[in-house]
Amino acid sequence: MMKKAFTLISLLFFIASSAQNDTARSTDNLHLYFGFGAAGQRFGALNSRIATRPEYQTLRKTEFAISLGFTRELDRFMLNYNLGIASSLSGDKTKKSSNMAIFSGSVNFGYNLSNNNKTRIAPFVGFGVETFKATFNKDLSAIPFDSVLQSTSWQQKTLPLSFTNTFFVYRAGLAIDFISKTDSRFATGIRAGYTGSFRTKAWNINEEQSLSNAPADKLSAWFVTVQFMRKIRKHKHA
């Protein structure tokens, strides 16, 4: 599944890069950035099934996220390539707990509405791939240490339960950048918006194996990110 996600992300980046043309622009800037923030997604079908089993902890609805990438500024047009990871923990990590790990990649297109050199205000839309891995850990504190050492059946009982899913997604939101007054190469930005999937997909086990009557969810998530940017290339055509 992870190989498929990397392949799809690479394809998206190639398509977006190929779509650019070499027409002369008055401005052609390149910005690198690092960001952190939060995202929220319920996954009601999976959580409802997990809730019927008292030995497992349901998933948290909010994840902590970090991202990195670069944005190309062509006059007022913004072309952004973004990679992100996110994670959440619910319950007691030393006993019964659940964790959601997320890997994402996207290409986004925006248009700067601001008329000054102090801010950029750009609505954007985009598309990408997001991969999810939900892991559930039972409370093992009552299992004797020596039993695990001596018995493979006890060792099997200590293994966590994991389910995975991958979505092809669309994104829409608003980007606001505040350019430094002392050095225009640096800026701090805010990104907020919505990510959704095109269809509902069932959860898999062992990365890509299907299960009968598996719960199926559709991605419907909000996100907010703070970004720290540095301009690494500035070019103005005559």
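No hydrogens, no waters, no symmetry mates; every other heavy atom, side chains included, goes into these values. Note that the numbering runs from 1 along the sequence shown for the chain.
The minimum heavy-atom distance linking Gly44 with Asp217 is given by the pair N-OD1, 3.4 Å. Looking at every heavy atom in both residues, Lys96 comes nearest to Glu55 through CD-O, 3.2 Å. Summarising the geometry of Glu130 relative to Ser104, their closest heavy-atom pair is CG-CB, 3.6 Å, with the distance given to 0.1 Å. Taking all atoms of both residues into account, the shortest heavy-atom contact from Ser90 to Arg60 is CB-N, 3.8 Å. Heavy-atom minimum distance, Leu32 versus Phe70: CD2-CB, 3.5 Å. Heavy atoms only, all atoms of each residue included: Gln41 and Ala221 are closest at OE1-N, 3.5 Å.
Here the CH2-OG distance, from Trp203 to Ser210, works out to 13.5 Å after rounding to the nearest 0.5 Å. Taking CE of Met100 as the reference point, atom CG of Asn165 lies at 8.5 Å (rounded to 0.5 Å). Interatomic distance, CG of Leu68 versus CZ of Phe34, reported as 7.5 Å (0.5 Å rounding). The distance from the CE atom of Met229 to the CG atom of Asp177 is 3.5 Å, given to the nearest 0.5 Å. Rounded to the nearest 0.5 angstrom, His31 NE2 and Arg185 CZ are separated by 12.5 Å. Rounding to the nearest 0.5 angstrom, the gap separating the CZ atom in Phe186 from the CD1 atom in Ile179 is 13.0 Å.
A heavy-atom distance below 4.5 Å is found between the side chains of Val226 and Thr188. Side-chain atoms of Leu59 and Phe136, non-hydrogen and from C-beta on, do get closer than 4.5 Å to each other. Thr119 places none of its side-chain heavy atoms less than 4.5 Å from the side chain of Ile176. Side chains of Thr62 and Trp222 form a contact here, defined as non-hydrogen atoms less than 4.5 Å apart.
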Go through Leu219 and Phe43 one step at a time and tell me if the side-chain contact (heavy atoms from CB on, under 4.5 Å) criterion holds.
CA-CA 7 Å; Leu219 184 62; Phe43 287 136; 4.0 Å; yes

Under the side-chain contact (heavy atoms from CB on, under 4.5 Å) criterion, do Thr166 and Val129 qualify, and how do the steps go?
CA-CA 7 Å; Thr166 297; Val129 177; 3.8 Å; yes

Could you check Val169 against Ser106 for side-chain contact (heavy atoms from CB on, under 4.5 Å), going step by step and ending with a plain yes or no?
CA-CA 9 Å; Val169 303; Ser106 65; 5.9 Å; no

Audit row: Leu161, Ile205, side-chain contact (heavy atoms from CB on, under 4.5 Å) steps and yes/no:
CA-CA 9 Å; Leu161 182 64; Ile205 198 168; 4.2 Å; yes

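Other residues, nucleotides and ligands contribute only 12 or fewer heavy atoms inside 6.0 Å of the NZ atom of Lys61.
Residues passing the side chain to side chain donor-acceptor pair (under 3.5 Å) test with Asn112, sequence neighbours excluded: none. Arg42 meets the side chain to side chain donor-acceptor pair (under 3.5 Å) test with no other residue; sequence neighbours excluded.
Between the Glu73 side chain and the Asp28 main chain, no donor and acceptor come within less than 3.5 Å of each other. Side-chain atoms of Asp139 never come within 3.5 Å of backbone atoms of Ala142 as a donor-acceptor pair (strictly under, hydrogens ignored). Side chain of Ser98 to main chain of Thr58: a donor-acceptor pair is present (N/O by atom type, distance under 3.5 Å, no hydrogens or angles). A donor-acceptor pair under 3.5 Å is formed between the side chain of Arg76 and the backbone N or O of Ser114. A donor-acceptor distance shorter than 3.5 angstrom exists from the side chain of Asn99 to the backbone of Ser88, with no hydrogens or angles considered.
Considering Phe198, Phe124, Phe127, Phe109 in turn, Phe198 is the only one that fulfils the ring-ring contact (aromatic ring centres under 6.0 Å, His included) rule with Tyr170.
Both Tyr56 and Leu211 are part of a single hydrophobic cluster, where members link through side-chain heavy atoms under 4.5 Å apart. One hydrophobic cluster, built from ILVMFWY side chains closer than 4.5 Å, holds both Ile190 and Ile121. When the side chains of ILVMFWY residues are joined at heavy-atom separations under 4.5 Å, either directly or via intervening members, Phe228 and Ile66 end up in a single hydrophobic cluster. Under the 4.5 Å side-chain heavy-atom criterion for ILVMFWY residues, no single connected hydrophobic cluster contains both Phe178 and Tyr33. Under the 4.5 Å side-chain heavy-atom criterion for ILVMFWY residues, no single connected hydrophobic cluster contains both Val224 and Leu174.
The aromatic rings of Tyr111 and Phe77 sit perpendicular to each other, their planes meeting at more than 60°, with 30° as the lower class boundary.
Note that Arg171 lies in the cation-pi zone of Phe223, set by a 6.0 Å cut-off to the ring centre and a 45° limit from the axis.
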